[in-house]
Amino acid sequence: MSLVHDVIIIGGGPAGLSAASWCDELGLDTLLLEQAEQVGGQLHNIFNPIHNYLGCDAQDGQELFQAFTLNLEKAEFDQWTQTSIESVNLRAKTISLRSGEQLQAIAIIVATGVRRRELGVEGEKRFIGKGIIESGSRDKQLFTGRDVCVVGGGDAAAENGLLLAEVCPTVTLVHRGKKLRARREFTEQLHANHCITVFTESVVTRIIGDDEVQAVEILRKDGLKPFQLAVRGVLIRVGVEPNTELFREQLELDEQGYIGVNRDQETNVDFVFAIGDVSNPLSPTISSALGAGATAAKVIASRLTRGTR
Ligand SMILES: Cc1cc2nc3c(=O)[nH]c(=O)nc-3n(C[C@H](O)[C@H](O)[C@H](O)COP(=O)(O)OP(=O)(O)OC[C@H]3O[C@@H](n4cnc5c(N)ncnc54)[C@H](O)[C@@H]3O)c2cc1C
């Protein structure tokens, strides 16, 4: 083990990047570890305009990411992408990488965000790129004139269903709950749209096809047997889950697996912080993620200056 970094940040989404930039500005020696090919996190999955991030009216996440990149050009923190972490000892502040390298820090910031929850049914993985719709706004043209199914009942499912209904003859929305969870503005539009059929208390049990998606199998709560619905595309939005597997045994998590923090973004382990979506903020947004990154960096800097280690 060579150098001891002041701060190691795990995750390079908006939260991690904000923390890294603030740590850098506050004179802390900072290393950011990102598992993906590039930093940016969920920004790479946003294909619709972002009007709610003040200072930049971006056409999509990519455009906002470019703005972030420009802003960070002068920052001097180290960032390692495509970095796979084997294990973390949060009390000792050590991190073992799959490459065999050992890292050590004074403080660790967890900024690992969330990932889309999978449906866990047959065909879900097999038909990626062959009928599984990644995004309503991005893939609309590809599915024009095709019947599609949307699985989920929250805002993301409803919004994507409405987008697809602009170009698809039929959109069938399948939701396991009794009532859609999406905001009223969306549910009213869904019910008013004659292309959209909503099946509540129903689940998709299988995605069927040869080379491409041809149908979904649906089981309704009041039905005895599942039935097949012919569709050419399936979009799945059944919520998200936190990326906390590495920390499960060491940090206090809530019942959904999100990391518990106080108002200073501190976890139950001293000098370990959690920021952004992984800490279940009231509003999981880019602005909250950036603010939490700033908070963690400032708290670390002030504690190190005051010598409260
Ligand atoms: C379709 C869509 C639309 C959205 N629209 C908006 C919007 O209009 N306005 C808005 O404010 N917000 C929007 N959001 C939400 C916003 O993108 C998130 O709140 C924000 O990205 C959270 O940032 P984060 O850094 O906490 O997490 P993430 O962006 O999830 O980043 C986490 C990063 O950590 C990395 N990571 C995970 N595990 C590890 C590991 N073990 N080792 C190393 N790295 C790891 C991931 O690869 C990822 O890069 C949208 C999100 C989506 C998906």
Side-chain angles (χ1 to χ4, degrees), residues 14 41-54 57-64 113-119 121 124 131-204 207 213 216 218-222 229 231-242 256 258 277 280-289:
Q42 292 173 61
L43 292 186
H44 299 293
N45 302 330
I46 305 179
F47 303 103
N48 48 293
I50 303 172
H51 298 307
N52 45 35
Y53 179 74
L54 292 186
D57 198 24
Q59 272 318 295
D60 54 22
Q62 207 54 38
E63 193 173 313
L64 186 56
V114 294
R115 60 174 180 268
R116 263 191 226 142
R117 184 172 288 135
E118 289 178 359
L119 202 55
V121 300
E124 183 176 15
I132 296 291
I133 309 172
E134 272 301 307
S135 153
S137 46
R138 193 193 63 179
D139 301 335
K140 227 164 97 171
Q141 301 315 321
L142 281 175
F143 289 87
T144 299
R146 297 179 164 199
D147 297 315
V148 299
C149 170
V150 174
V151 191
D155 283 345
E159 197 175 10
N160 278 285
L162 288 166
L163 277 169
L164 289 166
E166 291 171 13
V167 296
C168 299
T170 69
V171 175
T172 305
L173 198 128
V174 181
H175 174 51
R176 71 175 175 184
K178 248 187 185 156
K179 256 182 85 180
L180 296 178
R181 280 179 289 106
R183 65 180 95 136
R184 215 167 76 190
E185 165 203 345
F186 288 147
T187 53
E188 282 175 357
Q189 289 181 57
L190 284 176
H191 292 305
N193 192 317
H194 65 274
C195 301
I196 302 177
T197 306
V198 178
F199 286 161
T200 51
E201 296 191 89
S202 306
V203 288
V204 166
I207 300 168
V213 170
V216 285
I218 298 174
L219 179 63
R220 303 201 66 169
K221 199 182 165 196
D222 54 6
L229 177 80
V231 291
R232 303 297 304 279
V234 183
L235 185 139
I236 300 164
R237 286 291 184 281
V238 288
V240 292
E241 52 195 355
Q256 291 170 288
Y258 289 89
D277 284 10
N280 205 7
L282 265 182
S283 72
T285 56
I286 300 159
S287 321
S288 310

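Asp60 places a side-chain N or O within 3.5 Å of a backbone atom of Glu63 that can act as its donor or acceptor partner. Here the side chain of Ser288 pairs a donor or acceptor atom with the backbone of Ser283 at under 3.5 angstrom.
Asp147 is linked by a side chain to side chain donor-acceptor pair (under 3.5 Å) to Thr170, counting only residues two or more places apart in sequence or in another chain. Looking at residues two or more places apart in sequence or on another chain, you find a side chain to side chain contact (heavy atoms under 4.5 Å, CB included) between Asp155 and Ala182, Arg183, Phe186. Not counting sequence neighbours, the partners of Arg220 by the side chain to side chain donor-acceptor pair (under 3.5 Å) test are Ser202. Glu124 meets the side chain to side chain contact (heavy atoms under 4.5 Å, CB included) test with Glu118, Leu119, Val121, Ile207, Ile236; sequence neighbours excluded. Residues satisfying the side chain to side chain contact (heavy atoms under 4.5 Å, CB included) test with Phe47, not counting sequence neighbours, are Ser135, Ser137, Arg138.
Here the closest heavy-atom approach between residue Gly113 and residue Asp277 is recorded as CA-CB, 4.2 Å.
Using modelled atom types, one finds no donor on one side chain facing an acceptor on the other under 3.5 Å when comparing Gln59 with Asn48.
No more than 12 heavy atoms of other residues, nucleotides or ligands sit less than 6.0 Å from atom NE2 of His194. Around CZ of Arg176, the count of heavy atoms belonging to other residues, nucleotides or ligands within 6.0 Å does not exceed 12.
Salt bridge annotation for Glu241-Arg117: present, with a cationic side-chain nitrogen under 4.0 angstrom from a carboxylate oxygen.
Rounding to the nearest 0.5 Å gives a distance of 10.5 Å between OG1 of Thr285 and CD of Gln42. Leu190 contributes atom CG, which lies 6.0 Å from atom CG of Leu173 (distance to the nearest 0.5 angstrom).
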Tabulate below the donor-acceptor pairs under 3.5 Å that side-chain atoms of residues 158-169 make, not counting sequence neighbours, or state none.
unit_1, atom_1, unit_2, atom_2, d
Asn160, OD1, Gly136, N, 2.7
Asn160, ND2, Ala156, O, 2.7
Glu166, OE1, Lys140, NZ, 2.6

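Val234 pairs in a side chain to side chain contact (heavy atoms under 4.5 Å, CB included) with only one of the listed residues (Val151, Thr172, Val174, Val148), which is Val151.
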Side chain to side chain contact (heavy atoms under 4.5 Å, CB included) between Val231 and Val213: does it pass, once the steps are laid out? CA-CA 7 Å; Val231 291; Val213 170; 4.3 Å; yes

